[in-house]
Amino acid sequence: MLLNNNVTEFILLGLTQDPVWKKTVFIIFLLFYLGTLLGNLLIISTIKTSRALGSPMYFFLFYLSLSDTCFSTSIAPRMIVDSLFKKATISFSECIIQVFTFHFFGCLEIFVLILMAVDRYVAICKPLHYATIMNLRVCGVLVAVAWVGSCVHSLVQIFLALSLPYCGPNVIDHYFCDLQPLLNLACADIYMVNLLLVSNSGAISTVSFVLLMFSYVVILHSLRNHSAEGRRKALSTCISHITVVVLFFVPCIFIYTRPATTFPMDKMISVFYTIGTPLLNPLIYTLRNAEVKNAMSRLWSKKLISDDMR
C-alpha cells in the first residue's frame, strides 16, 4: 500500500491563511479547548467521586465526557499550535494516526449517545424492569462493544486511506487530516473508496441519527402516561440528549454522506462537531441536570473544607 506513496508530509492550510485571523483563531480555539477540558474533566471527576451519580445514565455520561475529551484532543492541540506558524505541516504517519484517533473517538461518541438513548428508553418505557435490564454488567458489556465497534470503524478508515497512492500534490485545504480531503490528493480513481466511505462513515452517522430521533419520539410519546413531575424530569433529560444529537450528527451527515467534493463551508461546519460539540456537551448536561449540579457543588464544598483544614 505504501510502496506507491511518494508523499512524506502534508501541508495543512488551516481555517485561514491571514496572519491576523490566525492569531484570532489561536486565542479563540485555545479558550474553547481549555473550556472543553475543564468541563469534561469536571464531569468525569464528579461522576467518579459521587455516590449519588451511580445510575447507568451517569455511567454512560462518564464515557461521553471521556470520548469528548479525547475526540477534541485529537484535533484541537495541533490546530491551535499550527495557527502560530506560517506553514503548518504534518507527516504522513501523523496524518494517518490523526485519522484513526479522530474516527475512533468520534464513533465512540456516536455509540455512547445510542446507549444513552437506550438507557432513557428503558428507564421511561420499562421502569419496572429498568434495574434488571440496565444492570452494571450489561452496561459494561455495552460500552466494551462500543469500544470494539469504534476500533473496527477506524481501522476501515485507515485501510481506505492507505489503499490510495499519493504521488503529487500534498496541500490539504483543512485544519486536520480526514479521509475526505485525502481523497482529493490521491492519484487514482477514488469512486469505490468514496462509495465505501459513504457506506461506512456516512451510514453510521445517518442510521444512528435516524434511530436516535425515532427512539426519542417513542420516549416523548410514552410520557403521556406519566405524572406531571415525571414528565417534567424526563422531558428535561430528553431535550438535553436531543440537543447534543442534533448538534453532533447534522454536520457529520452533511460532510460524510456526499461524493468526494469539498465546499468552502466544510471547514466551518467541521468546527461544529470537532470543537463545538465537545465544548457544549458539559454545559448542556450540567445546566439542565440538577443531580449533576448538586454533586459538583458537594465536590467543591468538600474541596474547600479540606483546603481550609490545611
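Predicted, not measured: the structure shown is a model, and the values here were computed from it.
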Chi angles and distances behind the ring-ring contact (aromatic ring centres under 6.0 Å, His included) call for F62, Y58
CA-CA 6 Å; F62 171 87; Y58 298 111; over 10 Å; no
Please assess V207 against V210 for the test side chain to side chain contact (heavy atoms under 4.5 Å, CB included), listing each intermediate value before the final yes or no.
CA-CA 5 Å; V207 173; V210 171; 5.9 Å; no
Intermediate values then yes/no, side chain to side chain contact (heavy atoms under 4.5 Å, CB included), V118 and L142
CA-CA 11 Å; V118 171; L142 290 174; 5.5 Å; no
Between L185 and F10, does a side chain to side chain contact (heavy atoms under 4.5 Å, CB included) hold up when you go through it step by step?
CA-CA 10 Å; L185 301 182; F10 296 104; 3.7 Å; yes
Run the side chain to side chain contact (heavy atoms under 4.5 Å, CB included) test on S215 and Y121 for me, step by step, so that the C-alpha distance in whole Å, both residues' side-chain angles and the decisive distance to 0.1 Å come before the verdict.
CA-CA 7 Å; S215 70; Y121 171 80; 5.6 Å; no
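T206 places no side-chain N or O within 3.5 Å of a backbone atom of A203 that could act as its donor or acceptor partner. One N or O on the side chain of N135 and one on the backbone of T132 form a donor-acceptor pair closer than 3.5 Å. Here the side chain of T277 pairs a donor or acceptor atom with the backbone of F272 at under 3.5 angstrom. Without hydrogens or angle criteria, N200 side chain to Q157 main chain gives no donor-acceptor distance under 3.5 Å. Although no hydrogens or angles enter the test, the distance criterion places a donor-acceptor pair under 3.5 Å between the side chain of Q180 and the main chain of I255. Checked by atom type and distance alone, the side chain of S72 never pairs as donor or acceptor with a backbone atom of D68 at under 3.5 Å. Panel note: side chain Y273, backbone G106; no donor-acceptor pair is recorded below 3.5 Å. In this structure a side-chain-to-backbone donor-acceptor pair under 3.5 Å is missing from S208 to S205. Judged by distance alone, with hydrogens and angles left aside, the side-chain atoms of Y175 form no donor-acceptor pair with the main-chain N or O of D82 at under 3.5 Å. Between the side chain of Q98 and the main chain of D178, no donor-acceptor pair closer than 3.5 Å is present.
A side chain to side chain contact (heavy atoms under 4.5 Å, CB included) with L160 is found for one member of L155, V193, V99 and no other, namely V193.
Residues Y256 and I204 form no side-chain contact, since every pair of their non-hydrogen atoms from C-beta on lies 4.5 Å or further apart. Between L212 and F209, the closest side-chain pair of non-hydrogen atoms is not below 4.5 Å. At a threshold of 4.5 Å between non-hydrogen side-chain atoms, the residues I47 and F60 do not count as touching. In this structure, the side chains of H153 and S201 come closer than 4.5 Å at one or more pairs of heavy atoms. Residues F111 and V145 fail the side-chain proximity criterion, which asks for heavy atoms closer than 4.5 Å. Contact of the F71 side chain with the I75 side chain is not registered, since no non-hydrogen atoms from C-beta on lie closer than 4.5 Å. Residues L38 and L34 have side chains not in contact (no heavy-atom distance under 4.5 Å, counting atoms from C-beta outward). Residues L66 and F105 are not in side-chain contact: their nearest non-hydrogen atoms beyond the backbone lie 4.5 Å or more apart.
In terms of heavy-atom proximity, S222 sits nearest to I219 at OG-O, 2.7 Å. Contact detail for P127 and C125: the closest heavy-atom pair is CD-C, 3.3 Å. Heavy-atom minimum distance, I90 versus C177: CG2-SG, 4.0 Å. When all heavy atoms of P278 and N40 are compared, the pair lying nearest together is O-ND2, 3.0 Å. When all heavy atoms of K22 and S83 are compared, the pair lying nearest together is CB-O, 3.4 Å. Of all heavy-atom pairs between L64 and M116, the closest is CD2-SD, 3.9 Å.
Taking CD1 from I172 and CG from L182, the interatomic distance works out to 4.5 Å, rounded to the nearest 0.5 Å. Atoms NZ and CG, from K23 and D18 in turn, are 10.0 Å apart once rounded to the nearest 0.5 Å. Atoms CZ and CG, on F32 and L37 in that order, are 14.0 Å from each other to the nearest 0.5 Å. If you take CD1 on I97 and OG1 on T101, they are separated by 8.0 Å, rounding to the nearest 0.5 Å. Atom-to-atom distance recorded for F176:CZ and L15:CG is 10.0 Å, nearest 0.5 angstrom. Taken to the nearest 0.5 Å, the CG atom of L108 stands 9.0 Å off from the CG atom of L115.
Residues forming a ring-ring contact (aromatic ring centres under 6.0 Å, His included) with Y33 (at least two apart in sequence, or on another chain): none.
Linking Ile, Leu, Val, Met, Phe, Trp and Tyr whenever their side-chain heavy atoms come within less than 4.5 Å puts V112 and L42 in one cluster. Residues L113 and F214 share a hydrophobic cluster, clusters being chains of Ile/Leu/Val/Met/Phe/Trp/Tyr side chains in contact below 4.5 Å. Hydrophobic clustering keeps M192 apart from L179 (ILVMFWY residues linked when any side-chain heavy atoms are closer than 4.5 Å, directly or through intermediates). Residues L162 and L195 fall into different hydrophobic clusters, defined by Ile, Leu, Val, Met, Phe, Trp and Tyr side chains chained together at heavy-atom separations under 4.5 Å. Cluster membership for V138 and L61, using ILVMFWY side-chain heavy atoms within less than 4.5 angstrom, is shared.
Classification of the F100-F104 ring pair by plane angle, with boundaries at 30° and 60°, yields parallel.
Using a 4.0 Å cut-off between charged side-chain N and carboxylate O, D173 and K267 make a salt bridge.
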